[in-house]
Number of protein chains: 2
Amino acid sequence: MPKKRTLPYILLGLINSNHQLSGYQIMQEFKNEISDFWTASHSQIYPELQRMTDDGWLTPVTLSSNSDSKRNPIYYQLTTTGQAVLHDWLAEPLTTASAELFPLKLFFLDQPDSPLLKPLLQQQLQLSTERLEYLKGRQQIVFPTDAEVQAHYGHYLTLTRGIQRERNYVSWLTELLNNLTEN
Amino acid sequence: MPKKRTLPYILLGLINSNHQLSGYQIMQEFKNEISDFWTASHSQIYPELQRMTDDGWLTPVTLSSNSDSKRNPIYYQLTTTGQAVLHDWLAEPLTTASAELFPLKLFFLDQPDSPLLKPLLQQQLQLSTERLEYLKGRQQIVFPTDAEVQAHYGHYLTLTRGIQRERNYVSWLTELLNNLTEN
DNA sequence: CGATGCATGTAATAAGTTACATGATTCC
DNA sequence: GGAATCATGTAACTTATTACATGCATCG
């Protein structure tokens, strides 16, 4: 089977969170907000918006406020189908293979009381905990004594950094989940 | 100009750190050690090793210990040219655009007293500090009041998480640099 | 009036993934 | 003897980047 594409879902998520967006505005979102998690160039975005419109996920809307200006961008909104597709994608459980989608999916959950929020955080906590255990195991195996540390110091540093990063992630997720459950 | 490729330098770095490696062993390294920073499939690795050999960066070595076994992988070592190419790549300063290369480059610095270590950490500290300031500025602009937080809660969470992650990174780098300077 | 930003699109090229293909070895 | 792992390679396809291309608007 072909690899699951992510770009269309990101476009759905971005447009949904902002009610309507133009291709150019989507470019700005990529640059300003989600450059840490994903990148896309305008030559990817514009044809993709076309395809998604053809597939009935999006519909172009002409904003009446556009008076007479020659400059008027094409704004897109989600169709009912598009909304359903986005929701299904957001609800798909995270796996080890799809773990990099976590920040994206979280980004698109607008409501603090979304029923998708808690499971998403729990899934990521599970994956991060597993990852942390894996890294700690690796440290034991690859760097049993100081000799190995001295011979591959950079590797050692990236591994210890990875462990700290994952610990920090687990802390954040745990605290956030505690706050959610309290209310 | 075409985009700078990274895969060849990773192969150089991996082989260099292990003195010699086969394509299969490189696959294992990708899977076990650097999957957080980079991925590559065997269909990328094998032709790349060929190209690099043709370019004079690598040389295949036949390990004499291979007795009579029919199973013998092709091990590669760096040529003098390959060593120079790797060193030049490692010494290239990090920029905002190439920041994702930091963990890779760090990974390949085997000696704790490598003259490349301190500048690399300093460059990353600079980039992380800038990134942290950018994220904090974004938080001010995008989420001035609680109303915006409530309307885009997921976005808010990813932003606060990004700030924490970057802070944690800065702490780690600062502490490490302090330890290095002490000795 | 020139630079930057807004706004959209296509074409050529490069890179990466999946599938196809083969064969030996080792462990159970 | 069957499954998993070792070991390498190519072909077909998908995805992404860079370059090419155009034109208006705004600011200084």
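Below, chain A is the first sequence line, B the second, and so on; all start at residue 1.
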Atom [atom1] of [X] and atom [atom2] of [N]: how far apart are they, to the nearest Å?
X: L21(B); N: dT8(D); atom1: CG; atom2: C1'; answer: 16 Å
X: E48(B); N: dG9(D); atom1: CD; atom2: C1'; answer: 15 Å
X: Y76(B); N: dT8(D); atom1: OH; atom2: C1'; answer: 9 Å
X: N72(A); N: dG23(D); atom1: CG; atom2: P; answer: 17 Å
X: M27(A); N: dA16(D); atom1: CE; atom2: P; answer: 17 Å
X: Y24(B); N: dT22(C); atom1: OH; atom2: P; answer: 20 Å
X: I45(A); N: dA7(C); atom1: CD1; atom2: P; answer: 14 Å
X: Y75(A); N: dC6(C); atom1: OH; atom2: C1'; answer: 10 Å

Of the nucleotides dT8(C), dT8(D), dC6(C), which one has an atom closest to the side chain of Y46(A)?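 Among dT8(C), dT8(D), dC6(C), the one nearest the side chain of Y46(A) is dT8(C).
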Among the candidates dC6(D), dT15(D), dT8(D), find the nucleotide nearest to the side-chain atoms of R5(A).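 It is dT15(D).
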Can you pull out how bent the helix from dC1(C)-dG28(D) to dC28(C)-dG1(D) is, comparing the axes over its first five and last five pairs, to 10°?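 End-to-end axis angle for the helix from dC1(C)-dG28(D) to dC28(C)-dG1(D): 40°, rounded to 10°.
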Set out, in order, the CA-CA distance, both residues' side-chain angles and the distance that settles side chain to side chain contact (heavy atoms under 4.5 Å, CB included) for W89(A) and V85(A), then state yes or no. CA-CA 6 Å; W89(A) 179 74; V85(A) 170; 5.6 Å; no
Could you check whether I74(B) gets within reach of a base, just the sugar-phosphate, or nothing at all, counting any heavy atom under 4.0 Å?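 Sugar-phosphate: the residue I74(B), judged by heavy atoms under 4.0 Å, touches backbone atoms but no base.
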Could you check, using the six-membered ring where one of them is a Trp, whether H155(B) and F108(A) have ring centers closer than 6.0 angstrom?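 Ring centres of F108(A) and H155(B) not closer than 6.0 Å.
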Look at E166(A) together with R161(A) and state whether they make a salt bridge at an N to O cut-off of under 4.0 Å.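 No, this pair does not count.
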Please determine if R51(B) forms a cation-pi arrangement with Y46(B), meaning its NZ or CZ atom is less than 6.0 Å from the six-membered ring centre and no more than 45° off the ring axis.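 No - R51(B) does not lie over the ring of Y46(B) by the 6.0 Å and 45° rule.
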Step-by-step side chain to side chain donor-acceptor pair (under 3.5 Å) determination, N18(B) to Q25(B): CA-CA 10 Å; N18(B) 293 276; Q25(B) 287 177 314; over 6 Å; no
Give the residues of residues 31-44 of chain A touching DNA chain D, defined as any heavy atom closer than 4.0 Å, sorted by residue number.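 Output list: T39(A), S41(A), S43(A), Q44(A).
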Is it the case that over 12 heavy atoms from other parts of the model lie below 6.0 angstrom from the OH atom of Y156(B)?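 Incorrect, the count does not exceed 12.
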Can you check whether L121(B)'s main-chain N or O pairs, donor with acceptor, with Q124(B)'s side chain at less than 3.5 Å?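 A pair under 3.5 Å: no.
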Is it the case that the side chain of K105(A) and the backbone of E92(A) share a donor-acceptor pair, with hydrogens and angles ignored and the cut-off at 3.5 Å?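 Side chain of K105(A) to backbone of E92(A): a pair is present.
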Partner set under salt bridge (charged side-chain N to carboxylate O under 4.0 Å, His left out) for D36(A), not counting sequence neighbours: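 Testing D36(A) for salt bridge (charged side-chain N to carboxylate O under 4.0 Å, His left out), a comparison that skips the adjacent residues, returns R131(B), R165(B).
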